[in-house]
Amino acid sequence: MAWTWFHRLASPPHVYRIAGRLTPWFAWPAAILLIAGLIGGLWLAPPDYQQGDAYRIMYVHAPSAWLSLMVYTVMAVAGGIGLIWRMKVAHAVAAAAAPIGASFTLATLVTGSLWGKPMWGTYWQWDPRLTSELLLFFLYLGYMGLRAAFEDLQRADRVSAVLAVVGVINVPIIHYSVVWWNSLHQGPSVMYLGKPTMPPSMLVPLLIMFLGFTLFFGAVLLMRLRAEVLNRERAARWVSEAIGGVPSGRWVGEEIGA
Amino acid sequence: MQAALPSTGLERGSAPSALAVARLMLERDLRLAFRKASQLVQPLAFFAMVTTLFPLAITPELSRLRHIASGVLWAAALLASLLALEFLFRDDAQDGTLEQYALSGRALTGLLSAKTAAHWLLTGLPLALVAPIAAVALGVPGRALPGILASVTLGTVTLSLLGAIGAALTLGVRRAGALLSLLTLPLAIPVLIFGAHATQLAIRGKPYGAPLTLLAALAVFGMTLAPLAAAAAVRINLE
Amino acid sequence: MQAALPSTGLERGSAPSALAVARLMLERDLRLAFRKASQLVQPLAFFAMVTTLFPLAITPELSRLRHIASGVLWAAALLASLLALEFLFRDDAQDGTLEQYALSGRALTGLLSAKTAAHWLLTGLPLALVAPIAAVALGVPGRALPGILASVTLGTVTLSLLGAIGAALTLGVRRAGALLSLLTLPLAIPVLIFGAHATQLAIRGKPYGAPLTLLAALAVFGMTLAPLAAAAAVRINLE
Amino acid sequence: MMRFLDMGGYYPWVWPAYAVTLGVMGLNIYWAKRLLARARRAAQRRLEMQEES
Amino acid sequence: MSEAMLQGENLHLWRGERHVLRGVGFTVKSGECLQLTGPNGAGKTSLLRTVCGLSFPEGGQIRWRGEDVRRDLPGFHSQMAYLGHEPPLKMELTGRENLHYWVGVRRRYARAELDGAIERVGGQRWSDRPVRTLSAGQKRRVALAGLLLMAVPLWLLDEPTTNLDVEGQRLVGTLIDEHLAAGGLAMAAVHHPLAVSERGLRRLELGGG
Amino acid sequence: MSEAMLQGENLHLWRGERHVLRGVGFTVKSGECLQLTGPNGAGKTSLLRTVCGLSFPEGGQIRWRGEDVRRDLPGFHSQMAYLGHEPPLKMELTGRENLHYWVGVRRRYARAELDGAIERVGGQRWSDRPVRTLSAGQKRRVALAGLLLMAVPLWLLDEPTTNLDVEGQRLVGTLIDEHLAAGGLAMAAVHHPLAVSERGLRRLELGGG
Ligand code: HEM
Ligand SMILES: Nc1ncnc2c1ncn2[C@@H]1O[C@H](COP(=O)(O)OP(=O)(O)OP(=O)(O)O)[C@@H](O)[C@H]1O
Ligand SMILES: Nc1ncnc2c1ncn2[C@@H]1O[C@H](COP(=O)(O)OP(=O)(O)OP(=O)(O)O)[C@@H](O)[C@H]1O
Ligand SMILES: [Mg+2]
Ligand SMILES: [Mg+2]
């Protein structure tokens with residue numbers, strides 16, 4: 001019983017419709033939070049007593065880094081679900097997430113380098129965290145390359161899901177790399193929620209940014225998800241054809257117009 | 001297996017045990033490799049050549065070579081295993097024999113584990129045996145050799161297992177060479193870090209037990225999970 | 001071509017010029033490569049990964065990395081060209097298209113030169129363009145970059161040509177991967193020595209004209225001889 | 001205002017960092033929109049093909 | 001023995017943009033051979049691969065002894081043998097070694113059985129040569145020997161007579177006949193009618209490509 | 001036109017330890033098709049590969065228009081086309097692209113000719129799909145289109161009807177007939193008699209394998 005409900009919820013047309021409806025609910029809060037975070041981070045927060053104004057890069061760097069890790073985790077979980085329950089929508093989520101994750105990984109690398117120059121005197125260091133983040137970027141590229149290498153979407157979905165699941169071990173490695181190996185990179189500062197090391201005037205904009213970035217990811221993911229679901233829709237249509245319901249060609253046509 | 005249903009009387013002979021099947025696969029892969037004896041020498045020769053490159057390209061001074069020895073050894077080991085990997089499943093997929101194994105009704109995990117074991121015996125083990133020699137050539141002191149032997153042995157096990165996953169993932173892809181590297185290298189980084197760390201400690205004469213334990217842990221972890229992932233990927237790719 | 005003999009009237013259309021044929025082959029190989037766009041990125045990705053390995057395995061200190069930069073760059077370039085080489089003729093041999101080219105009545109040297117050119121455009125050139133970026137990551141100062149670009153560009157031309165010979169020689173051999181390296185690496189040593197030398201001089205800010213000239217000479221030498229050797233090897237292996 | 005733009009002398013790094021991040025976000029939105037439009041067109045085309053045959 | 005052993009019901013398969021199988025159904029009983037015909041591109045190979053689980057149909061079911069094969073794919077596989085367009089042989093191994101490693105993972109067999117199978121396909125003289133050196137027809141014969149040696153009730157054959165000489169084509173017919181007589185069943189895609197006795201022959205013609 | 005165009009004289013070929021061709025000789029004139037038959041392993045493929053210069057015979061000669069082909073191999077090659085057991089196609093390219101790059105190195109041709117050849121083999125509907133997605137018979141048809149497009153007098157065909165449906169087998173016969181009528185000549189190894197008119201048909205039976 002519960003399963004039929006679950007599958008109906010996860011059925012492509014349903015997801016397509018719901019995703020379309022949900023998008024603004026993510027997009028607008030994201031926009032507001034991002035603007036608030038920008039004002040807070042660039043204007044209201046005081047300069048750091050050590051780093052001066054350079055530390056303001058944190059407000060884009062840390063949330064990007066968070067997304068780079070979170071998106072990969074989302075991909076791995078979605079891939080796992082898709083593999084186990086043969087759920088096309090889960091695969092569509094993974095496929096939609098990958099390019100977003102890759103782009104924010106790149107943003108992390110670039111903003112980190114830009115921060116590194118004034119702080120460490122060099123754009124790049126072969127430090128464990130930086131290197132493992134670079135490898136995460138390669139992993140994203142590999143994931144997308146593997147996807148692109150298959151013509152058959154179903155197969156691409158399932159093969160790349162295996163990679164996503166296997167590759168997820170890299171996420172904790174990156175996260176704990178600062179702890180495990182002595183690193184130049186900043187240790188966890190916000191993540192220990194119990195004992196914030198920053199004054200609230202600095203911390204609050206950062207938290208706002210984290211939330212804003214996450215919602216932004218949600219909005220873009222939903223948009224891409226609709227496209228991915230459409231690309232996988234062929235079989236769903238003929239299923240309803242076989243059942244003999246509404247001539248689904250027309251029905252999907254309406255959906256597309258919507 | 002629907003034993004309750006009437007048999008057609010055509011099914012003669014009992015199914016061999018999972019272990020016997022694995023042994024058969026191992027034997028097959030080794031025989032295929034030995035049929036071309038030159039193949040056996042190849043990973044070694046490759047390894048030797050890469051180790052030779054660096055003194056040529058950088059500096060012939062042993063005192064400086066020693067510092068980079070661990071990096072050179074591990075990079076060479078990684079690349080040599082990768083090179084051999086491409087062929088781990090590809091040949092079998094191309095001539096249709098892998099399809100037959102997937103249709104044999106036997107668990108693919110066992111078959112693939114056996115193939116991975118064969119791969120390690122044919123590349124990892126020889127590499128581990130040659131690594132100390134290469135190390136000496138790079139000016140590493142003799143007392144470091146046991147540590148190097150141990151770390152390369154353990155490390156190549158994990159590299160073979162990771163490679164099995166990568167090779168299985170790219171089965172359906174033509175010219176997968178570089179895609180395979182792209183997929184496998186990020187996964188191989190922990191092995192590389194711990195391996196090189198152990199090697200460096202050994203060269204400096206310090207205790208290298210901790211990274212070695214981690215290498216062993218990675219190998220065990222890989223042995224339990226990699227065949228599952230590889231079998232899943234192969235099944236998907238044969239679909 | 002026995003023009004004096006009576007024609008059967010079946011032979012319509014004139015034969016395209018040697019240049020047109022070479023262009024056709026080049027176009028074919030590029031199209032095959034672009035059909036899978038991911039393939040194009042792969043030699044680069046591989047190169048990037050190898051460059052990443054060394055800092056991880058040896059030391060993250062840029063001051064020390066700088067010293068081994070030339071070795072790392074050239075080893076990576078060599079390995080990346082070799083990896084791609086395996087497929088230079090193999091695919092065509094397997095699906096029978098190479099046989100058809102050998103039976104086309106056209107000179108194989110031209111066809112093979114075109115294939116080699118395609119290979120360089122797809123691996124050597126991108127490598128040369130990325131090498132300066134990798135060099136920067138390894139702490140090489142900016143003034144050395146033109147020298148690095150020039151030497152890698154010239155060096156990869158010769159590497160592609162040598163690889164063509166190696167690939168042609170190992171056509172008949174299955175799993176030629178490592179054998180190919182074994183054959184090609186010794187031939188590649190001069191390229192490697194001059195290339196690494198030029199790179200090192202460039203990094204130290206000294207004039208690197210002399211080794212660069214030698215690299216250019218090797219490239220020219222290779223361009224005249226390699227296609228002949230490769231064509232001979234292909235003919236023998238198709239028998 | 002100049003003080004703000006100067007970022008305590010760190011402007012050559014702070015502003016590019018923000019530009020890159022916002023650029024990435026903008027591109028993400030653009031790519032997502034384009035992808036959706038393309039998927040719609042492809043689906044439409046498939047439907048037309050379906051009706052023909 | 002006469003209930004339906006293998007059934008396909010309303011199978012639908014898409015390949016790329018093409019709807020290759022549109023509601024194909026069939027039934028094969030013990031002692032029957034289903035001969036698949038149809039023009040090039042009709043979907044014969046696709047149907048065989050779907051039956052043996054190498055392609056997943058978007059709709060429909062395949063039943064073996066009344067049960068959906070998806071429920072126990074390994075169990076189904078251990079009772080069937082599939083020969084595709086190309087004989088699945090390793091070029092470096094001899095014919096005999098190929099058979100050993102191919103069939104050996106499925107069942108234990110006596111050496112005499114192996115010899116018998118090789119003799120049956122006329123391979124005594126060349127079964128110890130690397131398959132690489134065999135002619136096209138000889139390779140196909142090695143694959144047929146594997147089929148015999150597997151000793152399974154269900155045979156799925158894709159153009160089994162390809163590359164075989166006249167005697168070899170007759171042999172395929174005889175082998176199938178004997179298999180049917182022993183209670184086996186077969187499905188074979190062909191372009192030349194099989195030399196199988198009319199009694200057990202059923203026909204399925206797939207539509208235009 | 002009726003002198004011997006292609007002659008094989010007393011050809012001897014060894015493969016490993018086997019004396020595969022033992023003094024084989026034949027003559028083919030313009031307008032004639034030599035049909036090679038013989039049991040599996042008789043040496044049909046070996047003979048065809050020897051004729052086109054892919055194997056070197058230990059003894060004997062092949063003459064094209066009276067001259068030893070070894071004297072001018074490229075010249076001979078530019079007047080012949082060989083189709084082996086497998087269609088020589090790149091899986092990633094479409095049928096049309098395959099034809100373009102395969103035939104394009106030999107001769108310039110008008111686009112209409114290419115279209116005509118594809119239409120002739122019934123490939124209008126699938127010639128723009130990657131060959132990988134084609135059925136076995138469709139691949140073979142692409143190869144036949146290449147043969148037509150090459151426009152050379154001598155065809156060497158190894159089991160050209162393999163994988164073709166009944167209509168396709170008839171098509172091969174028709175194509176050869178038309179080729180012979182235009183003054184061409186052909187040599188074809190087969191297991192099923194070719195559907196070629198009796199007039200130009202010559203037969204050569206190779207001995208037991
Ligand atoms: C290319 C260079 C850099 C890269 C690739 C990089 C990468 C990362 C990553 C992956 C994280 C997220 C870690 C996690 O959530 O577990 C992170 C967070 C962070 N990074 Fe960087 N970083 C770089 C440079 C810098 C520099 C130069 C600084 C400052 C001096 C810096 C300061 C921070 C801070 C403060 C955080 C938040 C820490 C936390 O909350 O855990 N980063 N960086
Ligand atoms: N990826 C794909 N995209 C589009 N069409 C495809 C794809 N794969 C296969 N097809 C088509 O599916 C059809 C069925 O192919 P199949 O190989 O099953 O035919 P067949 O009956 O075995 O033909 P033959 O007699 O030539 O062996 C063919 O028309 C083929 O072109
Ligand atoms: N390297 C080798 N060593 C020994 N025998 C060989 C070798 N290569 C080929 N042969 C044998 O040469 C004989 C001729 O083979 P060929 O492929 O010409 O036969 P064919 O007439 O084309 O057969 P088919 O009808 O099966 O295609 C075969 O018996 C084959 O086994
Ligand atoms: Mg078929
Ligand atoms: Mg033959």
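The sequence lines fix the lettering, A, B, ..., with proteins before strands; numbering per chain opens at 1.
- The shortest side-chain heavy-atom distance between E/Asn163 and F/Glu159 falls under the 4.5 Å cut-off.
- Note on F/Arg141, F/Arg140, F/Glu167: by heavy-atom pairs under 4.5 Å with chain E, the leading option is F/Arg141.
- By the neighbour-count criterion of 12 heavy atoms within 6.0 Å, atom CZ of F/Arg199 is sparsely surrounded, having that number or fewer from other residues, nucleotides or ligands.
- Contact annotation for F/Thr162: only side-chain heavy atoms (C-beta onward) come within less than 4.5 Å of a heavy atom of chain E.
- Here the side chain of F/Asn40 pairs a donor or acceptor atom with the backbone of E/Asp165 at under 3.5 angstrom.
- Residue with the most contacts toward chain F among E/Thr45, E/Asp158, E/Leu164: E/Leu164 (heavy-atom pairs, distance under 4.5 Å).
- Scanning all heavy atoms of the two residues, the minimum distance from F/Gly41 to E/Ser135 falls at N-OG, 3.3 Å.
- Among the candidates E/His85, E/His192, E/Arg129, E/Lys44, the residue making the largest number of heavy-atom pairs closer than 4.5 Å to chain F is E/His192.
- A 6.0 Å sphere centred on CD of F/Glu17 holds no more than 12 heavy atoms belonging to other residues, nucleotides or ligands.
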